[in-house]
2 protein chains.
Amino acid sequence: MQSQDTDKLGPMRHSAAHVMAEAVRQLFPDAQFGIGPTIQDGFYYDFDLPRPLTPEDLADIESSMRDIIAADYPFLREEVDKEAARELFAHQIYKLELIQELPEPRLTVYRQGSFTDLCRGPHVASTGQIGPFKLLSVAGAYWRGDENRPMLQRIYGTVFATSQELAAYLTRREEAERRDHRRLGRELDLFSLQEAAGPGLVFWHPKGARLRRLIEDFWVAEHYQRGYQLVYTPHVAKTDLWHTSGHWELYRENMFSPMDVEGQEYIIKPMNCPGHILMYQTHLHSYRELPLRWAELGTVYRYERSGVLHGLTRVRGFTQDDAHIFCRPDQLESEVVGVVELARYMMETFGFKEYEIRLSTRPEKYAGTLEVWEEATATLERALAQLALPYEIDPGEGVFYGPKIDVRIKDALGRAWQGPTIQVDFNLPLRFHVTYVGEDGKEHLVVMVHRTVLGSIERFLGCLIEHYAGAFPVWLAPVQAVVIPISDRHEDYARRLAEELRREGLRVETDLRSERMNLKVREAQLNKVPYMLIVGDKEAAAGNLSLRLRSGQDLGPQTVAQFLTRIREDIAQKAS
Amino acid sequence: MQSQDTDKLGPMRHSAAHVMAEAVRQLFPDAQFGIGPTIQDGFYYDFDLPRPLTPEDLADIESSMRDIIAADYPFLREEVDKEAARELFAHQIYKLELIQELPEPRLTVYRQGSFTDLCRGPHVASTGQIGPFKLLSVAGAYWRGDENRPMLQRIYGTVFATSQELAAYLTRREEAERRDHRRLGRELDLFSLQEAAGPGLVFWHPKGARLRRLIEDFWVAEHYQRGYQLVYTPHVAKTDLWHTSGHWELYRENMFSPMDVEGQEYIIKPMNCPGHILMYQTHLHSYRELPLRWAELGTVYRYERSGVLHGLTRVRGFTQDDAHIFCRPDQLESEVVGVVELARYMMETFGFKEYEIRLSTRPEKYAGTLEVWEEATATLERALAQLALPYEIDPGEGVFYGPKIDVRIKDALGRAWQGPTIQVDFNLPLRFHVTYVGEDGKEHLVVMVHRTVLGSIERFLGCLIEHYAGAFPVWLAPVQAVVIPISDRHEDYARRLAEELRREGLRVETDLRSERMNLKVREAQLNKVPYMLIVGDKEAAAGNLSLRLRSGQDLGPQTVAQFLTRIREDIAQKAS
């Protein structure tokens, strides 16, 4: 959006929503109008219409909109009292409801051509100033998001200042749809969500599970390497534990409801922290033992309204790549540096080179003393400074229990995803009385750091699928190569070749179906398999293979040794 | 018990219980008597006494028992009617309760010396015929196992025919106590159970988690190797799913109670099978794709009364090393052979050389047709015959949904543990309509095989801890070696050596505390660390190490290369 004055894009889009509403009224004179705000990248308007919209309707509406824009009607602002507003919108039930609820005695309306809408503005001066636009899609939306109110039809559209920008946006959008992890998840058979089990609960199919396990294995090895220790804690615990932690009080609406076991209430865990604390407390810890870095791939369950669930990115059950660091105050800085370094390394290994760092400071309500907050916030700043990493401060956006660092990673389309988080916690050590014995022989409260580097395995995989558009780098590809015999008589050799490569630790399949070779190659490409090893008479005789890439490139004959060298380099390079 | 007529051991032990009761009455004339049956390896008697028993009391009781045995009182049997029985036990409230409830009009009592007990017998002829005995322990026990009735004191004891047999039993018992996984779990800091979280829920501490992950990694690799594919499924699902599966109807008392999410009931999963079926059903499967072998390390939650929970072996949350094989009927035999071979390989790799196999056949209530049962049972028999494995048949002990093979493994003390299970299932494919498209283009029901090879990770680890008495083979040892500097000035070298070995992929720690070397060696031995690498002036100068084993054996100076060769051989050999 470099060439664009973004201040103008808002009014332009909002004006386009009014023009769209006018066009809809031309098509459906009895249409009832909901609201029509701007959103990121465009606008929408909700309508109550006598029948569902068709793609042809959208074309008709676009055509009317073009006429209205060409007519260059001025947008006229007018102030009216509530009574006058009620008369103006006498037949518009949704508008009347809004007028009823607005607290101001005087309201503003905007008029263009024959159409008047209840609206705060601002708008462009006239319809002619609306840039190149496009209607994008129609979706059902409950009036005011309430599933007990009528379902309206929402038309999404967008406007840009120039045709080039619109075209670029539409291309980006198409690309994003092509990369949608829900679609690729199905096409590549990576995972599913199952109505019969309930929304927001992820089932990892063999290929997705392979990918997940590869990431987990890498994660575990990297954590051991850096002085973390793995732990496992159960998925349920007595509700009492969540009283002690304070989650019951502050976080209850995000927790699943309790279950009863022998008259005791249990909850499926929304967090791993209390469990780690219980383990820490099984014995005394000396200052010499700290820091302890306890990591867990802990699957937690949190309640989210079914309406907001989305693929892998917003779910009810997810696996945090969690760790809790129990340390002394004097160790906090180096621990934070260590976490940020680990997070950077992980991001870069998975192919994310760009990220934004935010430091969130003390909110209005907080646990602990001002002094402790200032010291911890300064410590986080020093850690980031030490790494020479640029960051922004989000004032007052810290959690009540301590300041935090959030990293947002950018994917191949430049979209931001929630990534690593590092949170300092003064609250739980106090609530659970988590201490160590200092050099002075006395008890001191530990500082706890909660951190994730991927965030959640599910969300991270959603992001990874979209980042790579499903074409994972070789080290992560669920199937690294498929051996395709040209005809039946090469099956034996295909099998032997695959077996040989599997013995070398590679994930290799054979495609022995009685289909044409070209179809098999095409399917392997659709499945984003990095390498296709074609074998026919020549290859069987020479004991080699003919190599194709998923890009379609044909690299011709290769010896097995050449192929092994090549694929091993790919695997070692990881993100390339 | 070779030299022993086991028919006599029962009466001898039961008689010893009477003698113990008589001795207790000598010490506590107002004692109220519960019951005193024989159990495996001994006997007990429950008493309601004015004060808790001390170890000195047990010695006194043993001494009185010796006198009663020396007096060689005959055991006299007498039949009495209920009225007479009530008079005989007029002051014994528990006996009166038993008399009240016994349906027979005439009861038997046994008398020895001055003591009479309500008892069906049989007994030895006289107290002198009771062999060498030993009182073992005291524990609280509710009258009739009901926590609303009084808590009695239960004295456990045992009798054997010969002193040698008694001594052997006591040694075995001591050894079993020494190996108790609950005790070793605490001493080696492997795991804990937390009252605050609830009973039967396991927390894996860093060392235990390391062990668990090593086993899981081995398990996963071995499964991939054998054509299994990993999957992951969520821990909760709608209760409806368990209605479809039939678990709600037949298995409900073993399930946790439901929780509510947006007015829908959810259950924490007691089984992984329905989840695997849902995934299978996301698309059609051709006969060519089968068998599919889907494996999951799936943590399930089942309700067990808190009273029966025991360490890692009887818990409420456990991780099944589960797999479901979806196959055609003609593939069942080879699939079963494959599972048994895998199970054998796993057992032997973990050091279990002895096992017993049982084949359980059709019970009275069963799903499916007689013909299908016979065919499947015959298939299991053929599979075992093909492997030339001896087995016993447990007639009618199959699950209602199909026949099964159970393997019981024997640990180092010869005790049996529940191991691999293989269950054929005709029920779930029918209930969920799980099918494949046959060569004939028609739908056919798949045969499902449920199987575990370790059973549950938790129970298996309990067994493994006891089998090895915590001294795990090198490939599984959470810490494989500890580097111990002789004094402060060898710390640097100790650190460098440890770092070098870690780079070679070994799990090596340093013990740099300012304690004496001998104490560190002793602690490493207590922690069952396989290797202690002692480094002092000579070792630092030569760049080598002095090697000690956890057995205490001192192997003297070794080069790093020699040590690496040795430990790599250990690791490669696994179970040795």
Side-chain angles (χ1 to χ4, degrees), chain A residues 186 189 191-192 194 196-198 201-210 212-213 217 220 224-225 229-238 240-241 244 256-262 264 266-268 274-276 278-279 282-283 288 292 294 296 299 301 303 305-306 316-317 319 502 507 513, chain B residues 186 189 191-192 194 196-198 201-210 212-213 217 220 224-225 229-238 240-241 244 256-262 264 266-268 274-276 278-279 282-283 288 292 294 296 299 301 303 305-306 316-317 319 502 507 513:
Chain A
R186 201 169 43 244
D189 200 13
F191 69 91
S192 63
Q194 299 278 350
L201 301 167
V202 184
F203 289 74
W204 290 101
H205 293 211
K207 282 181 189 160
R210 176 70 95 156
R212 176 171 166 175
R213 186 80 187 179
D217 283 346
V220 168
Y224 273 131
Q225 193 74 21
Q229 294 176 293
L230 210 61
V231 297
Y232 294 79
T233 63
H235 301 91
V236 293
K238 285 183 190 165
D240 288 350
L241 187 62
T244 308
F256 274 50
S257 75
M259 40 196 152
D260 174 89
V261 184
E262 286 183 358
Q264 282 269 2
Y266 283 73
I267 294 266
I268 190 159
H276 291 197
L278 290 183
M279 283 196 291
T282 53
H283 32 81
R288 290 172 199 270
L292 287 175
W294 286 356
E296 178 169 19
T299 305
Y301 290 84
Y303 172 67
R305 283 189 305 112
S306 54
R316 283 187 179 157
T319 305
R502 278 196 285 259
R507 299 185 290 277
R513 292 174 302 162
Chain B
R186 201 169 43 244
D189 200 14
F191 69 90
S192 62
Q194 299 279 347
L201 301 166
V202 184
F203 290 75
W204 290 101
H205 293 210
K207 282 182 189 158
R210 176 70 95 155
R212 176 172 166 174
R213 186 81 187 179
D217 283 347
V220 169
Y224 273 131
Q225 193 74 20
Q229 293 176 295
L230 210 60
V231 296
Y232 294 80
T233 63
H235 301 91
V236 292
K238 285 184 192 164
D240 287 351
L241 188 62
T244 308
F256 274 51
S257 74
M259 39 197 155
D260 174 89
V261 184
E262 287 183 356
Q264 283 269 1
Y266 284 72
I267 294 264
I268 190 160
H276 291 197
L278 291 183
M279 283 196 291
T282 52
H283 31 82
R288 291 172 199 271
L292 287 175
W294 286 357
E296 177 169 20
T299 305
Y301 290 84
Y303 172 66
R305 284 189 306 113
S306 53
R316 283 187 178 158
T319 305
R502 278 195 285 260
R507 300 185 290 278
R513 293 173 303 162

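Numbers restart at 1 for each chain; the letters A, B, ... are given by sequence-line order, proteins then strands. Keep in mind that what you see is a predicted model, and the values were worked out from it rather than measured.
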Would you mind checking which part of [X] comes under 4.5 Å of any heavy atom in chain A, side chain (CB onward), backbone (N, CA, C, O), both or neither?
X: B:S306; value: both
X: B:R316; value: side chain
X: B:V231; value: both
X: B:Y301; value: side chain
X: B:V220; value: side chain

Which distance, rounded to the nearest 0.5 Å, do you find between the [atom1] of [X] and the [atom2] of [Y]?
X: A:H283; Y: B:D189; atom1: NE2; atom2: CG; value: 3.5 Å
X: B:T299; Y: A:H235; atom1: OG1; atom2: NE2; value: 5.0 Å
X: B:R212; Y: A:L230; atom1: CZ; atom2: CG; value: 9.0 Å
X: A:W204; Y: B:E296; atom1: CH2; atom2: CD; value: 13.0 Å
X: B:Q194; Y: A:M279; atom1: CD; atom2: CE; value: 8.0 Å

(message) A side-chain contact here means heavy atoms from C-beta on lying under 4.5 Å apart; do A:E262 and B:Y303 qualify?
(response) yes

(message) Side chains of A:M259 and B:I267, heavy atoms from C-beta outward: is any pair under 4.5 Å?
(response) no

(request) Please determine, among B:L278, B:D260, B:T233, the option with the most heavy-atom pairs under 4.5 Å with chain A. (result) B:L278

(request) Might you point out which heavy atoms bring A:K238 and B:G198 nearest each other, and give the distance in Å? (result) CE-CA, 3.7 Å

(request) Quick one: closest heavy-atom pair of A:T282 and B:S192, and the distance? (result) CG2-OG, 3.9 Å

(request) State whether the number of non-hydrogen atoms from other residues, nucleotides or ligands found under 6.0 Å of B:R305 atom CZ is greater than 12. (result) no

(message) For chain B, which candidate among A:V261, A:L241, A:D240 shows the most heavy-atom pairs at distances under 4.5 Å?
(response) A:V261

(message) Can you tell me which of A:T319, A:L292, A:D217, A:T244 forms the most heavy-atom pairs within a distance under 4.5 Å of chain B?
(response) A:D217

(request) Check the pair B:Y266, A:L201 against side-chain contact (heavy atoms from CB on, under 4.5 Å), reporting the backbone distance first and the verdict last. (result) CA-CA 12 Å; B:Y266 284 72; A:L201 301 167; 4.0 Å; yes

(request) Please name all residues satisfying side-chain hydrogen bond (donor to acceptor under 3.5 Å, both in side chains) with B:Y232, sequence neighbours left out, ordered by chain then number. (result) A:E216

(request) Mark yes or no: A:R502 above the aromatic ring of B:Y224, with NZ or CZ under 6.0 Å from the six-membered ring centre and no more than 45 degrees from the axis. (result) no

(message) Which residues pass the ring pair (Phe, Tyr, Trp, His ring centres under 6.0 Å) test with B:H276, not counting sequence neighbours?
(response) B:H324

